[in-house]
Amino acid sequence: MLRIRRFEERCVELYSAAAIRGFMHLCIGEEAVAVGVLRALGDADAVVSTYREHGHALARGLPMEAVLAEMFGRVTGTSRGRGGSMHLFDAARRFYGGNAIVGGGIPLAVGLALADAMQGRRQVTACLFGDGAMAEGEFHESVNLAALWRLPVVFCCENNQYAMGTALARSHAHTDLALRAASYGIRSWTCDGMDVLATRDAARRAVDTARDGGGPCFLELRTYRFRAHSMYDADRYRDPAEIAAWRERDPIELLAAALGADRELDDAGRDAIEAEVAEEIDRAVAAAEAGPMEPVEDLVRFVTSERS
């Protein structure tokens with residue numbers, strides 16, 4: 001979680017210096033979801049993410065150098081610099097986006113789970129999306145099909161209380177998202193998304209259920225983003241007192257306190273982690289800056305078919 005937090009904090013600096021351009025969405029405050037859910041998966045399982053996916057990508061094991069190079073628009077990036085912050089992919093690690101459309105990854109996840117089921121593979125697909133995606137038609141169509149076909153997919157809703165600038169209660173007539181998902185006849189749970197251990201345990205339960213033929217599951221992970229929706233967002237729609245109250249439940253500090261109480265982490269140990277993370281980020285920045293840009297003559301490569 002510290003790797004994700006410090007990485008994104010450096011990305012803010014790089015964005016402000018125009019080294020990173022385009023849209024950028026940060027998951028600062030939501031690190032427990034990324035780490036907790038991804039820890040419950042095996043290497044052969046698939047992950048489908050959203051445009052707020054830096055944390056998911058790092059937790060999945062995508063190299064930080066490749067992630068940052070993608071954000072710099074360099075060929076050494078995960079998508080050869082063609083996708084940027086919102087389109088991180090790594091087929092070898094079964095990480096399928098980074099999808100810029102709200103809810104756009106949900107039908108893809110159902111397709112991946114269907115392929116695994118048809119091939120008889122005991123693999124699970126985890127699909128992460130925000131609370132705003134539950135207002136989209138593809139969510140309901142996809143969950144319905146997954147339930148009908150009892151597909152091995154875990155729907156993970158990162159309920160950070162806001163769909164862009166709109167509060168949950170202003171866009172959903174019924175705000176118990178897990179209960180709404182359960183109406184499709186799938187097992188659904190609500191979890192404290194600020195507690196990484198609780199998130200991990202809930203995700204393991206859901207993944208085990210899906211892997212063992214129990215059909216799809218739904219997790220409502222109640223969390224909060226400490227920063228605005230994106231770097232272009234002035235964040236005038238939230239009460240500062242609300243943000244401050246959620247910051248009291250910082251997932252990193254909650255885990256640090258628990259580890260400290262169990263004598264598994266002291267100040268020296270945390271300082272060592274911070275130093276290791278800082279060095280890794282410095283190396284990633286240097287590698288991204290040194291990465292080449294796509295040659296102009298190759299700009300239509302992968303876009304149009306080659307003439308035979």
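This chain uses plain numbering: 1 for the first residue, then up along the sequence.
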side-chain contact (heavy atoms from CB on, under 4.5 Å) assessment of R94 paired with L112: CA-CA 10 Å; R94 300 204 76 197; L112 289 165; 4.2 Å; yes
side-chain contact (heavy atoms from CB on, under 4.5 Å) assessment of L62 paired with H56: CA-CA 9 Å; L62 274 68; H56 305 153; over 6 Å; no
Audit row: M164, D233, side-chain contact (heavy atoms from CB on, under 4.5 Å) steps and yes/no: CA-CA 9 Å; M164 295 185 69; D233 182 2; over 6 Å; no
Steps toward ring pair (Phe, Tyr, Trp, His ring centres under 6.0 Å) verdict (Y184, F218): CA-CA 10 Å; Y184 287 97; F218 177 93; 9.8 Å; no
I252 vs R270, side-chain contact (heavy atoms from CB on, under 4.5 Å): CA-CA, chis, key distance, verdict: CA-CA 11 Å; I252 293 175; R270 180 162 178 174; 3.9 Å; yes
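Salt-bridge formation is not detected for the pair R6/E13: no Lys NZ or Arg NE/NH1/NH2 atom is positioned less than 4.0 Å from an Asp or Glu carboxylate oxygen. Note on D282 versus R10: salt bridge recorded, some NZ/NE/NH1/NH2 to OD/OE distance being below 4.0 Å.
L221 CG to D131 CG: the interatomic distance, rounded to the nearest 0.5 Å, is 11.5 Å. Interatomic distance, I28 CD1 to F7 CZ, rounded to the nearest 0.5 Å: 11.0 Å. Of the inter-residue distances, the one linking T78 atom OG1 with E65 atom CD reads 12.5 Å to the nearest 0.5 angstrom. We find the CD-CZ distance between E31 and R3 to be 12.5 Å, quoted to the nearest 0.5 Å. L177 contributes atom CG, which lies 8.0 Å from atom OG1 of T190 (distance to the nearest 0.5 angstrom). Rounding to the nearest 0.5 Å gives a distance of 10.5 Å between CD1 of I106 and CG of L128.
Not one N or O on the side chain of Q123 forms a donor-acceptor pair closer than 3.5 Å with the backbone of D45. The closest donor-acceptor contact from the side chain of H229 to the backbone of L26 lies at 3.5 Å or more, if one exists at all. Judged by distance alone, with hydrogens and angles left aside, the side-chain atoms of D298 form no donor-acceptor pair with the main-chain N or O of R301 at under 3.5 Å. E220 places a side-chain N or O within 3.5 Å of a backbone atom of A178 that can act as its donor or acceptor partner. In this structure, D212 contributes its side chain and G214 its backbone to no donor-acceptor pair below 3.5 Å. In this structure a side-chain-to-backbone donor-acceptor pair under 3.5 Å is present from R74 to E289. Here the side chain of E280 pairs no donor or acceptor atom with the backbone of M64 at under 3.5 angstrom. For the pair R225 (side chain) and E30 (backbone), a donor-acceptor distance under 3.5 Å is absent. Remark: the backbone N or O of R93 is paired with a side-chain donor or acceptor of R60 at under 3.5 angstrom.
Connection of V110 to V102 is not established within any shared hydrophobic cluster, with ILVMFWY side chains joined at heavy-atom distances below 4.5 Å, either directly or through further cluster members. Note on L299 and V75: separate hydrophobic clusters, where clusters join Ile, Leu, Val, Met, Phe, Trp and Tyr whose side-chain heavy atoms are under 4.5 Å apart, directly or indirectly. V12 and L68 fall within a single hydrophobic cluster, where Ile, Leu, Val, Met, Phe, Trp and Tyr are joined by side-chain heavy atoms under 4.5 Å apart, directly or via other members. In the hydrophobic cluster analysis, where Ile, Leu, Val, Met, Phe, Trp and Tyr join through side-chain heavy atoms closer than 4.5 angstrom, M134 is grouped apart from W189. In the hydrophobic clustering of this structure, M71 does not group with M293; members are Ile, Leu, Val, Met, Phe, Trp, Tyr whose side-chain heavy atoms approach within less than 4.5 Å, directly or through other members.
The only option from R222, R200, R249 that meets the salt bridge (Lys or Arg N to Asp or Glu O under 4.0 Å) definition with D192 turns out to be R249. Each of Y232, Y15, Y51 was evaluated against F23; a single residue qualifies, Y232, per the ring-ring contact (aromatic ring centres under 6.0 Å, His included) test. When each of R122, R211, R121 is tested with D116 by the rule salt bridge (Lys or Arg N to Asp or Glu O under 4.0 Å), just one qualifies, namely R121.
Between the side chains of H25 and S85, no donor N or O sits under 3.5 Å from an acceptor N or O. The closest side-chain donor-acceptor pair between Q161 and R238, if any, does not fall under 3.5 angstrom.
Nearest heavy-atom pair across I20 and C11 is CD1-O, 4.0 Å. Among all heavy-atom pairs drawn from H87 and G83, the shortest one is ND1-O, 3.1 Å. The two atoms that bring P216 and F155 nearest to each other are CB-CE1, 4.0 Å, heavy atoms only. In plain terms, the two heavy atoms of F226 and P251 that are nearest each other are CZ-CD, 4.3 Å. When every heavy atom of G98 is checked against every heavy atom of S49, the shortest pair comes out as N-CB, 3.6 Å. The two atoms that bring T223 and G29 nearest to each other are OG1-O, 3.6 Å, heavy atoms only.
Taking the side chain as every heavy atom from C-beta outward, I4 and H54 never approach each other to under 4.5 Å. Contact of the C157 side chain with the F129 side chain is registered, since non-hydrogen atoms from C-beta on lie closer than 4.5 Å. Under the 4.5 Å side-chain criterion, counting only non-hydrogen atoms from C-beta, W246 is in contact with M194. Proximity of N160 to V33: side-chain heavy atoms (C-beta onward) are nowhere separated by under 4.5 Å. The side-chain heavy atoms of V154 and L41, taken from C-beta on, include no pair separated by under 4.5 Å. Between H140 and R180, the closest side-chain pair of non-hydrogen atoms falls below 4.5 Å. Contact check for P292 versus T76: side-chain heavy atoms found under the 4.5 Å cut-off.
Residue E274 qualifies as enclosed at atom CD: its count of foreign heavy atoms under 6.0 Å is above 12. The number of heavy-atom neighbours closer than 6.0 Å to CG of D267, taken from other residues, nucleotides and ligands shown, is 12 or below. The local environment of CG in D271 is crowded, with over 12 non-hydrogen atoms from other residues, nucleotides or ligands closer than 6.0 Å. Around atom CD1 of I101, no more than 12 heavy atoms belonging to other residues, nucleotides or ligands sit under 6.0 Å away. More than 12 non-hydrogen atoms from other residues, nucleotides or ligands lie less than 6.0 angstrom from OH of Y237.
Using cut-offs of 30° and 60° for the angle between ring planes, the Y162 and Y224 rings count as perpendicular.
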